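Nothing here was measured: the structure is a model prediction, and the numbers come from that model.
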Amino acid sequence: MITLSQLLKNVKPTEIVGSTDIEVTGINIDSRKIEDGHVFIAMRGTQVDGHDFIDKASELGARVIVCEEKPEELKEGVCYVVVQSTTDVVGEMATHFFGDPSRKLKLCGVTGTNGKTTIATLLYNMFRKMGHKCGLLSTVCNYIEDEAVPASHTTPDPIELNRLLAKMVEAGCEYAFMECSSHAIEQRRIGGLRFVGGMFTNLTQDHLDYHKTMENYRDAKKLFFDGLPKDSFAIINADDKNGMFMVQNTKAKVKTYSYQRVADYKARIIECHFEGMYLDIDGKEVGVQFIGKYNVSNLLAVYGAARMLGKSQDEILLVLSTLHSVSGRMEPVRSPEGWTAVVDYAHTPDAIENVLKAINEVVDGKGQVITVCGCGGNRDKTKRPLMAREAVKQSDRVIITSDNPRNEEPQDIINDMLAGLNAQQMKKVISIADRREAIKTACMMAQKGDVILIAGKGHEDYQIVKGVKHHFDDKEEVRKIIG
C-alpha cells in the first residue's frame with residue numbers, strides 16, 4: 001500500500017487542503033472507475049474536462065482529488081491537491097503508484113510517422129526468440145509475454161501504461177518495446193517513464209487535425225528524445241531530413257541507420273522478390289521475409305536497437321532471417337487465379353508511396369497494380385488529395401472508397417480525394433463508396449500476375465460509419481472472394 005505523501009514524491013503542489021498521511025488504494029483519470037480510497041486526477045482533455053466530474057468522483061469514494069482548480073464546495077474527509085498542470089503530474093504519480101515499473105525492465109520506445117508498429121513488434125518477437133521474456137505496447141495489440149491485451153490507442157493513458165508495465169515486471173519480463181505516438185508524447189502520457197533507448201523512423205504528413213502544423217508535429221516527436229537520460233541510446237533514420245533535428249538536445253548516445261548514406265548501421269538490397277529480400281547489413285548477407293526499401297529502414301532500426309542492447313551481429317541476423325511481417329503490414333493473400341492482394345495499413349501519402357514503390361519493384365512491369373484506398377473521416381483533410389495523387393502516380397487502376405468515415409459522409413471524403421486529381425489522372429480512377437464492393441471490384445479486375453493493394457486499414461477489423469462501429473476486415477473480404 002502507498003500513502004499520498006509517497007505518491008506526491010516528485011510533484012510540487014501549489015496548495016494542499018487536507019492530510020497527505022492517508023493510504024491510497026487506486027489511481028484514476030476516469031471518474032466512472034473510481035472506488036473507495038482512490039485518487040482522482042482531473043484532466044483537461046480535448047473533449048471533456050475532468051474538473052466537471054470531481055463531485056461524482058468523491059461520491060464514489062475518491063479520498064484524494066488532484067486538480068488545477070479547487071471546487072467551490074470541499075467534501076469532508078477528502079484531500080485536495082492543487083497543481084499547475086494535471087497533465088504534467090499524472091505520469092509521475094502513476095509511475096510511483098505502480099512501483100516504478102519502467103526502471104525494473106529495459107524499456108525501448110519507437111516514434112515517427114510510419115514504421116512504429118513494425119519495429120516495436122519485430123523487436124518483441126526477436127528478443128523472445130533469443131530467450132527473453134518481453135512485453136509489447138503497440139497499435140495492433142499489447143502483449144505481456146503470450147498474454148494479449150487489446151489496444152485502444154497507439155499509446156495508452158499513463159495509468160493504464162504503468163499498470164501494463166507493472167504486470168510485465170510481475171510476469172518476469174526483462175524488456176518492453178513500445179510505440180510512442182506524437183499525441184502521447186505531447187500529452188505527457190509517457191511522463192515519469194524511464195527509457196533505455198529510443199528510435200526515430202521518419203516524419204511525413206499526419207495528424208495535422210490535432211497538431212495544426214508540421215512544425216508542431218515534429219516538435220512533439222522531438223520532446224521524446226529531449227527527455228532520454230544520459231545512459232540511454234537514440235537511434236535515428238539518417239535518410240530522413242528530420243533525423244538529426246530530433247537529437248539536437250538529447251543527452252542519449254546517438255546512432256544512425258541508413259540505406260542511402262554513411263551511417264553507423266548500413267544496408268543495401270542484393271535481391272528482391274515477393275517472398276522477401278536478400279540484404280547486406282554491415283558487410284554480412286542475410287535473407288529476410290520482407291520487401292521494400294522502407295522495410296530495409298525498419299529492419300535497420302531493429303538491428304541497431306538490438307546491437308545497442310548488447311546482442312551480437314551474428315545472433316541478430318540469424319533471428320532477423322526468421323521474422324515475418326506484422327499483421328496488416330504488406331500482408332499478401334494469394335488467389336488461385338494467380339493474382340495477389342496485399343493488405344497494408346498505409347494511411348498517409350508517404351506510406352502509400354513507399355508501399356506502392358515496393359510492390360512495383362517486385363511486379364517490375366509484368367502485371368498491373370490496382371490500388372483500393374480511402375481516407376478516414378473527422379481527421380486531417382489536407383492529406384486527402386495527396387493520398388489520391390500518390391495512389392494514381394504508381395498504380396495502373398485506382399478505386400477510391402471508404403476508410404472509417406466516422407461522422408462524415410463517405411462521398412464527401414471521396415470528393416476531397418478526387419479534387420487532387422487532374423482530368424488525365426481521373427481516367428485511371430473509379431470511386432465506390434461501399435468498401436466491400438470496392439474490394440470485390442478490384443478482385444474482378446485482376447488478372448494473373450496482377451497485384452491489388454488494399455490500403456488504409458491493415459490489422460483493423462472494423463469500419464466506423466455514422467459513429468457506429470461495424471465489423472469489417474479487409475483480409476476476410478479478400479478470402480471470401482477467392483473462396
Side-chain angles (χ1 to χ4, degrees), residues 1-104 137 142 144 149-153 155-170 183-194:
M1 207 63 81
I2 190 168
T3 65
L4 177 57
S5 57
Q6 290 172 314
L7 208 56
L8 297 174
K9 183 180 169 186
N10 291 339
V11 176
K12 294 175 181 174
T14 55
E15 184 184 1
I16 297 176
V17 180
S19 171
T20 59
D21 191 26
I22 53 173
E23 286 188 342
V24 169
T25 59
I27 180 169
N28 264 304
I29 58 173
D30 186 339
S31 61
R32 295 167 295 185
K33 296 178 181 176
I34 292 291
E35 294 176 18
D36 192 45
H38 279 201
V39 173
F40 174 63
I41 304 176
M43 303 278 289
R44 296 192 194 277
T46 53
Q47 306 293 325
V48 293
D49 186 347
H51 289 76
D52 297 335
F53 302 96
I54 286 175
D55 286 345
K56 184 188 174 187
S58 52
E59 282 166 18
L60 289 171
R63 295 185 66 193
V64 180
I65 303 290
V66 180
C67 52
E68 293 171 14
E69 292 175 31
K70 282 184 312 207
E72 289 180 16
E73 188 185 332
L74 304 183
K75 299 279 173 73
E76 197 177 331
V78 176
C79 179
Y80 295 86
V81 179
V82 184
V83 295
Q84 282 189 334
S85 167
T86 49
T87 300
D88 288 346
V89 304
V90 63
E92 287 287 353
M93 293 182 72
T95 295
H96 284 304
F97 181 81
F98 289 100
D100 265 5
S102 65
R103 283 167 175 76
K104 294 173 183 172
L137 294 151
N142 301 315
I144 301 164
V149 182
S152 58
H153 292 81
T155 314
D157 71 65
I159 294 164
E160 183 58 22
L161 192 46
N162 278 279
R163 183 182 283 114
L164 286 167
L165 288 169
K167 283 183 178 177
M168 290 175 193
V169 171
E170 199 179 314
H183 293 68
I185 298 165
E186 189 168 280
Q187 294 166 9
R188 307 292 190 270
R189 281 188 237 159
I190 58 172
L193 298 184
R194 194 208 184 271

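Listed here is the closest heavy atom pair of S102 and G192: OG-O, 4.2 Å. Shortest non-hydrogen contact noted between P71 and L74 is O-CD2, 3.5 Å. Between N162 and A94 the shortest heavy-atom distance is ND2-CB, 3.6 Å. Across all non-hydrogen atoms, the minimal contact from I27 to F98 is CG2-CE1, 4.2 Å. Among all heavy-atom pairs drawn from T87 and R188, the shortest one is O-CB, 3.4 Å. What you find for I54 and Y80 is that their closest heavy atoms are CG2-CE2, 4.5 Å.
The CZ atom of R63 sits 7.0 Å away from the CG atom of D36 when rounded to the nearest 0.5 Å. Distance check: E92 CD to N10 CG gives 4.5 Å after rounding to the nearest 0.5 Å. K33 NZ to I159 CD1: the interatomic distance, rounded to the nearest 0.5 Å, is 8.5 Å. If you take CG on L165 and CD on E170, they are separated by 12.5 Å, rounding to the nearest 0.5 Å. Atom CG of D157 and atom CD of Q187 lie 10.5 Å apart (nearest 0.5 Å). Expressed to the nearest 0.5 Å, how far OG1 of T86 lies from CZ of F40 amounts to 9.0 Å.
Between V24 and H96, every side-chain heavy-atom pair lies at or beyond the 4.5 Å cut-off. In this structure, R32 and K56 have side chains that are in contact, with non-hydrogen atoms separated by less than 4.5 Å. At a threshold of 4.5 Å between non-hydrogen side-chain atoms, the residues V64 and L7 do not count as touching.
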| request: Could you give me the CA-CA distance, side-chain angles and deciding distance for T25 and E35, then say whether side-chain contact (heavy atoms from CB on, under 4.5 Å) is met? | output: CA-CA 8 Å; T25 59; E35 294 176 18; 5.9 Å; no

| side-chain contact (heavy atoms from CB on, under 4.5 Å) between D88 and V83, worked out | CA-CA 9 Å; D88 288 346; V83 295; over 6 Å; no

| said: Would K75 and D55 count as a side-chain contact (heavy atoms from CB on, under 4.5 Å) here? Give the steps. | reply: CA-CA 9 Å; K75 299 279 173 73; D55 286 345; 4.2 Å; yes

| message | side-chain contact (heavy atoms from CB on, under 4.5 Å), that's the test. Do K70 and E15 meet it? Break it down for me. | response | CA-CA 9 Å; K70 282 184 312 207; E15 184 184 1; 2.8 Å; yes

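Under the rule for a side-chain contact (heavy atoms from CB on, under 4.5 Å), the partners of E69 that lie at least two apart in sequence or sit in another chain are R44, H51.
With respect to E160 and R163, a salt bridge is recorded, a charged nitrogen being found less than 4.0 Å from a carboxylate O.
Counting heavy-atom neighbours within 6.0 Å of Q84 CD, excluding the residue itself, gives a total of 12 or less. Atom NZ of K9 has 12 or fewer heavy atoms from other residues, nucleotides or ligands within 6.0 Å.
Judged by distance alone, the side chain of T14 and the main-chain N or O of V82 form a donor-acceptor pair under 3.5 Å.
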